[in-house]
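Dropping a structure here in structure tokens format, bear with me for questions.
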Amino acid sequence: MSEAITANDKEYEAQEMAEAPGADQPMEDRTNNRTLRPTTSKKFAEFMKSGWDNQEPDIEPLESSKFIPARLEALGKRFPGERIVIPAGTPKVRNNDDDYAFRPNTEFSYYTGLGQDYEAGAVLVLNPVDPESPEAKAGKTHTPELFVAPRADNSTETYYADPHYGEYWVGPRAGLKELNAMTGIATHDIAQLPDALGKDVGAEAGAVRMRVVRLADPQMTAEVENVREANGFPDPAANEKADDELQEFASTARMVKDSYEVNEIRKAVAATKDGFDRILTRLPEAVGKPRSERMLEGEFNAVSREEGNTVGYDTIIASGEHAPILHWMRNTGVVGHGEMLLIDAGIEVDSLYTADITRTFPVDGKFTPLQKKIYQAVLDSQQAGFEAAKPGATYSDIHHACMRVIAQKLHDWGILKVDVEESLSPEGQQHRRWLACGVAHHLGLDVHDCAQARYESYQGAKITPGMVFTIEPGLYFAKNDLLIPPEMRGIGVRIEDDVLMTENGPEWISKDIPKQIDDVEAWMAQRAAARK
């Protein structure tokens, strides 16, 4: 018996070697040489198509689908008569043939309502309607179409032969009819996309200008450029400028959130509170352990996967001298007794909306007088920013209100040697040695949302109802800073909350996450007791 198997194995190996591509195999095809190539056996192909029960994924409209038409209408009205191309993007390589978990491009998610990882390689196209059509006369500017890979179910050879789309590999996935039902957008085979990009509109054959979210998928951008050149738009600089205008509009459009978006951010904040609870429950056990910052990070990351899609950004767990490092994300340190522990973390829910919360804790559960003094100064600064945030105010108003409190505190402590007004002047700014970053930013699908908007539309624009943003002042006293008293060196404090602007003024979305000194100490005691 074993001899027969060995003989068959040798025969199969010989056939594989005979069919191998040889020395001229392209480098990009070599990454999977570790895996046996798909068999050419007809019997195997027939066998693999038989004997399977159908696995139909659930089909129901996404809640976001109610809000998508209004977003698409606003986008179309900004660029009438032009074809808009918004790719989802493709997976990014982590190492060799392993990819990072796919997350769709933010603009694609905003204009389709699709989150998670449904649609790698998909493309949303807004086609301009014929200007002489009844739809155009009724005010319609575009017809949206979604181009996706069809399902590779067990009726196809792709089912077992394609590790990217084959459902043998990745499980049941949404295809054309599923995504159409989920989004309400007409959905087509991605193979039809090249023809759709070059399609004429009305009598002006070949005259359709195209815009693309160019950084989402370089290969799709190159394809759009080829079509533009063929249609009489060959100027790369002009095309890039047109694409930048699309990116800017899409970014600015997200500044005011609809009710669906606000509710998703509320979900993200609630999940983030659960993540902080998990951290504090583990904290007493972690103190003094090697890489205890990562022990706490793991607790939060676990909640992000249990309750959401993942983390909204790399979690910062910074104890002691790491806390003054603004973007400390190695999280390799030891959480030590007597230190302050700064945690900046947010959970991204399945819709891809994220929270962004920072809390700073006394590791031993009680603030020392010095820690309390520094923490309260930051808390006072944040409250000043909140009070400055009212309909009609600007982000700059929030920034200046926070900075004034910080400058005054530093001056009162004898650290800021110049007059407060001099430091606050454009020519001064000495206080920013200890708070160099901004203190407010938009929040939504991206943790730093709307970042491609113009400065005057962001920092200088009036805050209006529906905007969601953070307020996050801090004080960062580095271990090697010789301009501060030795006892303050190695202490960093940041307090960050998420805020919704309403008709009646700002609302703390994250008000249920304790931050007052007594409340923080009580929270820590309650979570420590929960572990016993």
Gln429 side chain to Ser425 main-chain N or O, any donor-acceptor pair under 3.5 Å?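 Side chain of Gln429 to backbone of Ser425: a pair is present.
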Nearest 0.5 Å, please: how far is CD1 in Ile347 from OH in Tyr313?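 Output value for this atom pair is 10.0 Å.
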In terms of side-chain heavy atoms, does Glu264 have a donor or acceptor partner in Ser351 at a distance below 3.5 Å? yes
Look up atom CD1 in Ile374 and atom CE in Met340, then write down how far apart they are to the nearest 0.5 Å.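 That separation rounds to 7.0 Å.
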Under 3.5 Å, is there a donor-acceptor pair between the side chain of Arg282 and the main chain of Leu296? no
Has Ser251 got a side-chain atom pairing as donor or acceptor with Gln452's backbone, closer than 3.5 angstrom?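 Flag set: sc Ser251 to bb Gln452 pair under 3.5 Å.
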Should we say atom CD of Glu456 is surrounded by more than 12 heavy atoms from elsewhere, each under 6.0 Å from it? yes
Whether Thr272 side chain and Ala268 backbone form a donor-acceptor pair below 3.5 Å: yes
Are the side chains of Arg359 and Ile357 in contact, using a 4.5 Å heavy-atom criterion?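 Counting from C-beta outward, Ile357 and Arg359 do come under 4.5 Å.
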For residues Phe469 and His441, establish whether the separation of their ring centroids is below 6.0 Å. no
Steps toward side chain to side chain donor-acceptor pair (under 3.5 Å) verdict (Arg527, Thr281): CA-CA 5 Å; Arg527 295 317 305 172; Thr281 303; 3.0 Å; yes
Looking at every non-hydrogen atom in both residues, tell me the closest pair between Gly76 and Leu126 and how far apart they are. N-CD2, 4.4 Å
SG on Cys437 to NE2 on His327, rounded to 0.5 Å: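 Rounded to the nearest 0.5 Å, the NE2-SG separation comes to 7.0 Å.
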Value rounded to 0.5 Å, distance of OH in Tyr375 from CZ in Phe361: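 Result: 7.5 Å between the selected atoms.
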Go through Glu261 and Tyr353 one step at a time and tell me if the side chain to side chain donor-acceptor pair (under 3.5 Å) criterion holds. CA-CA 7 Å; Glu261 294 178 282; Tyr353 287 85; 2.7 Å; yes
Could you check whether any side-chain heavy atom of Leu114 comes within less than 4.5 Å of a side-chain heavy atom of Leu146, counting everything from C-beta outward?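 Answer yes - side chains close enough.
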Between Trp523 and Phe276, what is the ring plane arrangement, given parallel below 30°, perpendicular above 60°, and tilted in between?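 Because their plane-to-plane angle lies in the 30° to 60° range, the rings of Trp523 and Phe276 count as tilted.
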Could you measure the distance from the CD1 atom of Ile509 to the CG atom of Asp498? Nearest 0.5 Å is fine. 6.0 Å
Do the charged groups of Glu521 and Lys372 touch, with an N to O distance under 4.0 Å? no
For the student: nearest non-hydrogen atoms of Met182 and Ser65, plus distance: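 Closest pair (atom of Met182, atom of Ser65, distance): O-CB, 3.5 Å.
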If I compare all heavy atoms of Glu293 with all of Ile317, which pair ends up nearest, and what's the gap?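 For Glu293 and Ile317, the tightest heavy-atom pair comes out as CD-O, 3.2 Å.
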Is a side-chain N or O of Arg494 found less than 3.5 angstrom from the main chain of Thr358, in a donor-acceptor match?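 Absent.
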Determine whether Gln116 and Asn309 satisfy the following criterion, side chain to side chain donor-acceptor pair (under 3.5 Å), listing intermediate values before the conclusion. CA-CA 6 Å; Gln116 299 185 69; Asn309 184 50; over 6 Å; no
Counting C-beta onward and ignoring hydrogens, is there a side-chain heavy-atom pair between Arg214 and Val224 closer than 4.5 Å?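 No; the side chains remain at least 4.5 Å from each other.
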Using only heavy-atom distances, determine whether the side chains of Glu339 and Ser319 contain a donor-acceptor pair under 3.5 Å.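 Yes, a side-chain donor-acceptor pair sits under 3.5 Å.
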A side-chain contact here means heavy atoms from C-beta on lying under 4.5 Å apart; do Thr315 and Asp344 qualify?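 No, their side chains stay 4.5 Å or more apart.
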So do the side chains of Arg173 and Tyr118 get within less than 4.5 Å of each other, counting heavy atoms only?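 Arg173 does not reach Tyr118 side chain to side chain.
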For side-chain contact (heavy atoms from CB on, under 4.5 Å), just list the numbers for Lys373 and Phe367, CA-CA rounded to whole Å, side-chain angles, deciding distance to a tenth of an Å, and then say yes or no. CA-CA 9 Å; Lys373 179 174 79 169; Phe367 290 90; over 6 Å; no
Leu246 and Ile84, any side-chain heavy atoms less than 4.5 Å apart: yes
Please report the interatomic distance CG(Asp274) to CD1(Ile513), rounded to the nearest 0.5 Å.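 Here the rounded value is 9.0 Å.
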Step by step, would you call Asn105 with Glu107 a side chain to side chain donor-acceptor pair (under 3.5 Å)? CA-CA 6 Å; Asn105 171 263; Glu107 285 73 26; 3.2 Å; yes
Classify the side-chain pair Glu387/Gln383 by whether it contains a donor and acceptor separated by less than 3.5 Å.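 There is such a pair between these side chains.
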Is the shortest heavy-atom distance from the side chain of Thr464 to the side chain of Pro391 under 4.5 Å? no
